[in-house]
Structure formats: C-alpha cells, structure tokens
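Everything on this sheet refers to the single structure shown next.
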Number of protein chains: 2
Amino acid sequence: MSVGVNGRAYELPRQPTVVITIDGCEPDYLDDALARGLMPHLQALLAAGGAYERGRAHMPTLTNPNNLSIVTGVPPNVHGISGNHCLLDARSEPVQLVEPEFLRAETIHSAMRRTGCVVLAVTAKDKLRRLLGSGGVASVSAECAASLSLPEFGIEDIPSAVGRPPPSIYDWDLSHYALEIGLAAHRRRAVDLLYVSLTDYVQHKQPPGGEMADRFHRRLDDVLGAYVEAGFRIGVTADHGMHAKPRIHFLEDCLREAGFSADSFQVVLPITDPYVVHHGALGSFAWVYLASTDQVPAARNVLASLAGVEEVYTRAEASVVYEHPVDRIGDLSVAADADTALGQSAAKHDLSLVAGGLRSHGGRHEQIVPIIVSQPLTAAYAARHRRGVANSDVHDLLLNGVGELRR
Amino acid sequence: MSVGVNGRAYELPRQPTVVITIDGCEPDYLDDALARGLMPHLQALLAAGGAYERGRAHMPTLTNPNNLSIVTGVPPNVHGISGNHCLLDARSEPVQLVEPEFLRAETIHSAMRRTGCVVLAVTAKDKLRRLLGSGGVASVSAECAASLSLPEFGIEDIPSAVGRPPPSIYDWDLSHYALEIGLAAHRRRAVDLLYVSLTDYVQHKQPPGGEMADRFHRRLDDVLGAYVEAGFRIGVTADHGMHAKPRIHFLEDCLREAGFSADSFQVVLPITDPYVVHHGALGSFAWVYLASTDQVPAARNVLASLAGVEEVYTRAEASVVYEHPVDRIGDLSVAADADTALGQSAAKHDLSLVAGGLRSHGGRHEQIVPIIVSQPLTAAYAARHRRGVANSDVHDLLLNGVGELRR
C-alpha cells in the first residue's frame, strides 16, 4: 500500500522507520570517524548490508531549504522554502521562513498521517518545528523540550520521558537529545515514520578530528545503536556540508565602493537565523535586490569579479539552475567557493562570534552529503544510489528501495 | 496502462504523441518569433490551452547528454552520456559517445516498443541516430536520409516518402526535413510515440531576429501546424540554449603558461563532435585530466582565476553537483559564463570557422530552455510545470500530465 506525495508514491512503512538529518555533516566527518573506529554501530550496519554513498543537497545549502526538501521529496521551487530567511516582496523586511503557511507542498509525514500511520518529527533547533509539523504532524524540538509536550505519545513532560534535562542550544549534545526524544516517544507509542533533524553547532565549530567533534560522533553512534536495537529501519543524510571559510566579502561594502548608492540595493543572506553563534550569519550564498532592474548587469559585474565568487545569476537564471521559487529570491543570486563567505557589511556582522575561525556553508561546495540506508537496497535502487541521488530521495530509498527484510 | 522506465511510470500514448527537441533553442528565439507573429500555429496552440514555461537543461548543456536525458527521463549520472565526446579511461583517446553500448538506461521509446507501441526516433544529425535507436527503436537521420530506409514504416526511399531530397548538414532547413520524415512515416503507419531532434546550425550562426533565424522559425511553425493537423499531442523542448561568446580561453595554453608541463595534463572538450562548422569545438564546458592527482589543487587555482570561469569542480564534486557519471568526466570540470568559451590551445582550433562571431553553449547559462505542452495539463502537473521542470520531464508532462482531451 502506498501514498502519493508531490508526484511520487511512497510505500507505507512496514517497520518503524527513521530518517536522521545530521545538520552540516560534511562526509569527511563520517569517513574520519569510521576510519578511526569511533562509530562501531554505523560500521556494523554498513557491514550487514547497509549502503553509504555521497549524494547531493539542494541549493542554497542551508538548513531550512534542505530539511523541507528531505521531508517533501522535492526541490525548493516546489516546496517554496528558498532559505532560512527571505524577502516576501522587494519592499518588505526579511522574514524567517519558519511558518507552515510558507510551505507549498505536503510533507511525506503529513500524507502518511492521513493514511493512519503514527508519525513524529523531532528537531534540535526550534526554528524547524512548525514547518515539520505542517499538516498536523506531531512535532517537537529539543531546544524547547522543557516547555513542550507530546500528547499524541502520552508525554506531558519531555525531560522526564527522556530521563534528563535538555542541553542548551549551544551544547555539543543537543542533537543527541533530539534523537533521544524520538526513542522516548517510540517507547510510549510505536511510531511508523519518524524524522529527526539535528543541529550543526559542533560542525560550525570544529573540523573532523576535533575533540568536540569526536565526542559528538561517538555519542551519535551510541544513539544509532539504540535505534537499531529498537528495530528501526534507518536512513541518514545531511542538509549540507561544511567548510572553513577564511575569506569574507561584504557585499554591501563592495557595491558601495563600486559606486552604487546605499539606497539602490539590499543584500539578503538566506543563512540568517536566530542562531548567530554558529556562523555570524555568514555563508557562501547571498541575494542582492536592486531598486532598478537596469542596474542588474552592472551589479552582476561587480559581484562576479570578486575572488572566490563562482556564480552570479539573475532571478530567471537562478530559478532554473537552482530550482528556486522565483518569487522568493533576489534579483541576483551569488554563490561563493569552499573558502569564501559572503556578508552584508563589515559593520553588520559581529566577527567576534566566529573568532575561532569561520566554518560555514551555503554554496555548491557544501552540496556533497552522505546518504545512508540501513538495509540492503533492491538492485535497481542500489544502482541509483551508487550513481547519485539527492538528500530529497532518502525517503524514496528507505520506503520504496528496500527489498524483503533479512531480519 | 503504463510502463515503468528508470523509476517512473509513463502512461501509454492515447493519441499520436511527439516530442520535438529544438537544438539550441534559447527561449528568446521563441519569445521573439511569437512577439513578431512569426509562429501563428504555436500561438494558436498556446491560446487553446497549451502551456509554455521555461525549464532546466542538464549539464553540460550539450546535445548528446540532453537528448539522452529527454528520452530516458533521467540525468547523465544514470544514463551515462556525459558529453558528445569523452575519455573512457585516462590513458585513452577521446571517443564520440554515439554507440548504444555507452547508454546505461533504457529509453522511454524502447520500453514503449516492448509493450507493442509503434515508436520512431528521427534526428537531424546522424550522430544521435544509433543512441536513439537503442533497444530496437526505429531510428533515422535527416543527414543520411538518402542512404537510410525505414522498413518498419514500409519506406524504402526516404526522399521519395518526404517528397524532396534532404538538405545538407549545414542548411537552415535540415531540421524541418527531420520533422517531415516523422510526418511521412506517420502517414504510412500511425505512430504512437515519436521523437524528433533538430540541429542547431542556425542558432549557432544567428541570434533571434536574424534573417535565417526568422526563416527557420517561420518554417518550423508551418511544420508544427502540420503535426497539429495530423492529430498529434505535442511536446517541445530544447537540449540547451545559445549565447554569443566573445571571450575564449585556451586552457592548454593557460596551464602551460602557469608552469604545467605539456605531458602532465589533457584538456577534453565534451562539445566536440563532427560538426565543427557550428562552433569550432568551442563551448563553455571543459574537462581537465591530470597525470597526477597531486596537481589538482594547483590546476584548479589556475583555471578558477580566469575571467569568466565560474565553476571548477573536482571529479567527486562534479559527479554530485552536476549529476555526472564519475567514470566519464575529467579530474576537473570547468564551466564558463554566458560570454566565455573554453578551448584546448589556440593552435588546435580553426577560428576561421566561427569568423562571423562564436555563438555556443555548454555551461550554466544555457540551462534555460522552453518546455511546451500542446494540451491543458492537470492541476498538479500545471503547478509543477509553472514551478520549473527539466527537459527530461517532458515525456512525463506529455504522457502523464494531460487530463481528458478537449478535442
């Protein structure tokens, strides 16, 4: 039995099924942790027939657009979430894209719920909770676990159900708490389809092999083991990768120096979210809005000439090349390379927040993400997986691509 | 009744159905021709409920990869045709990717044929004929029409069936001859699913509004009218756009000037095909193979510093970002902007062939293509079409997306 969602049919889960989105999981983190034996449960899962390949995240490589692609199975031009943050019209202030009314596609979880499946979405950062809860899906965040409840699972007090108080938003361990909420809910009432989205505070702060990064991956592996033990079919992917970005261009300053008057343009950074300690709102993707479309060619030349800027597209080009919703992007879309971040003006960013060295994402070079499935895939799906799929295909792989179980 | 092809189900055609790929059809050509009243049949078809939007071609924006994406419904990492031309291994000479054994996915036409449908593929340029004929699909080219036959349609002599001899490969009218072959075959034996791929000689030579370009589009519209008259459901798309490219970088020369020895690298231009008069083998996409992977970072820096070069990706990055088959691309993939073409060395290209001004394609800026469907789409497919689909979705739109006929 299957349900159609956004043009694709998904088989209903035949066992408890979870997709885990490791926020900012550049594949090097997992490869390094596996090579050094820090993730024995993941290693065992792969040795038993699971599959791990690298796949593609959607542009811009940011949390909200990719989480929504993962739960809807479609790119941003269909689901409408173009960034963490965007202008709804050129004369307005930017808004955070966090409300369900911004979402233009049904989630897989909402459709499964309509068929009677038990579904749950858990997110580390509260900013995703309402979007993931679209269509009546039970949803909760680790960040606000102390003040939220999960009545659908008979849980009044989440910290009691988990067995410990929630860590802070800037704690290495908040992601694991989100995973523990999922397990706690499942113990009360068996879940059919669970989604757990982590946070990338650790990845913003440390490269693979850092002490905190190691701690993060060891603990992640423990919790993965608990999901295996609880009988879950498991998919793992990421919303985006992560790179050190030693070079920063402040685009408002660049445009002013090139002769653009301050009121003739607006730079919008779609990475912007409430969690500024992670990245100081600096990433490798920016939108530029111009007071007059006559200025598009001149502004494009200024931006394209910056070292490390790789792509500058008009609105029409970006909507096609990136599969972006044309009404929720700038007159120009700007993407920078692995080493380069884009800001508004030097005065507007507090660089002391990233004094340890900026690590961030948003561009093409953070499009490479792990795509892991815990069970052997059918031959046709295994071939697709090897040849490259997007993170938005992980529910398709996990629900449609796994043959008879070996358990 | 439907047939599954590469992970998608396609309804069998309920009326004669044709997809026409206008080679090199930058959308401006159609917009300009429609605005000036040169295409009354297309105008009427759109006024009667047909739908025209801009969509996305696959990278590199070249003929073979995109034609194969259109007929298989999947990107190059699945179908395997990464260019017109590629290295099969790093120590070999480049090959033209024209033989069916290079194709890794079944075509929609081959699958339809297995169900008993009458299918036919017609191409202007012979270079696509054998690939389109994969799986036993009847296929023919306008270029070689004088020496080919179509026994499946009872046609021994194609020029007699069409009623005129074929124009030369460098004639403005060869594309229309390909369309006439399709109509002639259909008159002998009703076809269920027809594919006609044109040639971009005219688009390489003239921008919208050029005298030959106008003649091309007027005549194209006449033939479109004949297809409407013959009762066809019609899809129209393009394999890539087209731009004037006044700037050329010769990458072998650039690498040598930067200190790379001549035997340490190889530049492969995937646009390369037998039709050099079109473009002199100059387009906006190149692969660089390096004798040692140690040289990748240094070569990347040299290439990325060239004005107009927008993207330089490693093999692993390109396979993900572009959805390319990892074994059929270079150590580095290089893409240039709308104004910039990439060559091997000044000595290896005969620029007299493009003395009228190079117009070419291959990069991101030629990803924007028209996607036209002659019948009203269902609400769900109309929404997808508006929000942006790829040229590889045109058979899905045409076979699955059209509701009850109004005829």
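First the proteins, then the strands, lettered A, B, ... as listed; each starts at 1. Every value quoted in this text rests on a predicted model; they were computed, and no experiment measured them.
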Is [X] salt-bridged to [Y], going by a charged N under 4.0 Å from an acidic O?
X      : Y      : value
A:R315 : A:D331 : yes
B:E317 : A:R364 : no
A:R387 : B:D327 : no
B:R54  : B:D28  : yes

Just do the side chain to side chain donor-acceptor pair (under 3.5 Å) check on B:H79 and B:S69 with the steps written out, would you? CA-CA 7 Å; B:H79 66 63; B:S69 288; 2.9 Å; yes

What part of A:R384 is in contact with chain B, defined as an atom under 4.5 angstrom from a non-hydrogen atom: side chain, backbone, both or neither?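 Neither; nothing under 4.5 Å.
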
Heavy-atom cut-off 4.5 Å, strictly under: side chain, backbone, both or neither for A:Y381 against chain B?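 Looking at A:Y381, nothing touches chain B.
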
Mind ranking [options] by heavy-atom pairs under 4.5 Å with chain A and telling me who comes out on top?
options                       : answer
B:V326, B:T314, B:V369, B:N77 : B:N77
B:E311, B:R56, B:E323         : B:R56
B:H324, B:H365, B:Q367        : B:H365

Residue pair A:H58, A:S392: steps toward the side chain to side chain contact (heavy atoms under 4.5 Å, CB included) verdict: CA-CA 8 Å; A:H58 295 268; A:S392 51; 2.7 Å; yes

Give the member of A:V78, A:D337, A:D396, A:V312 that has the highest number of heavy-atom pairs under 4.5 Å with chain B.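 Top count of heavy-atom pairs under 4.5 Å with chain B: A:V78.
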
Segment of B:R104 engaging chain A (4.5 angstrom heavy-atom cut-off):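 Contact with chain A involves both backbone and side-chain atoms of B:R104.
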
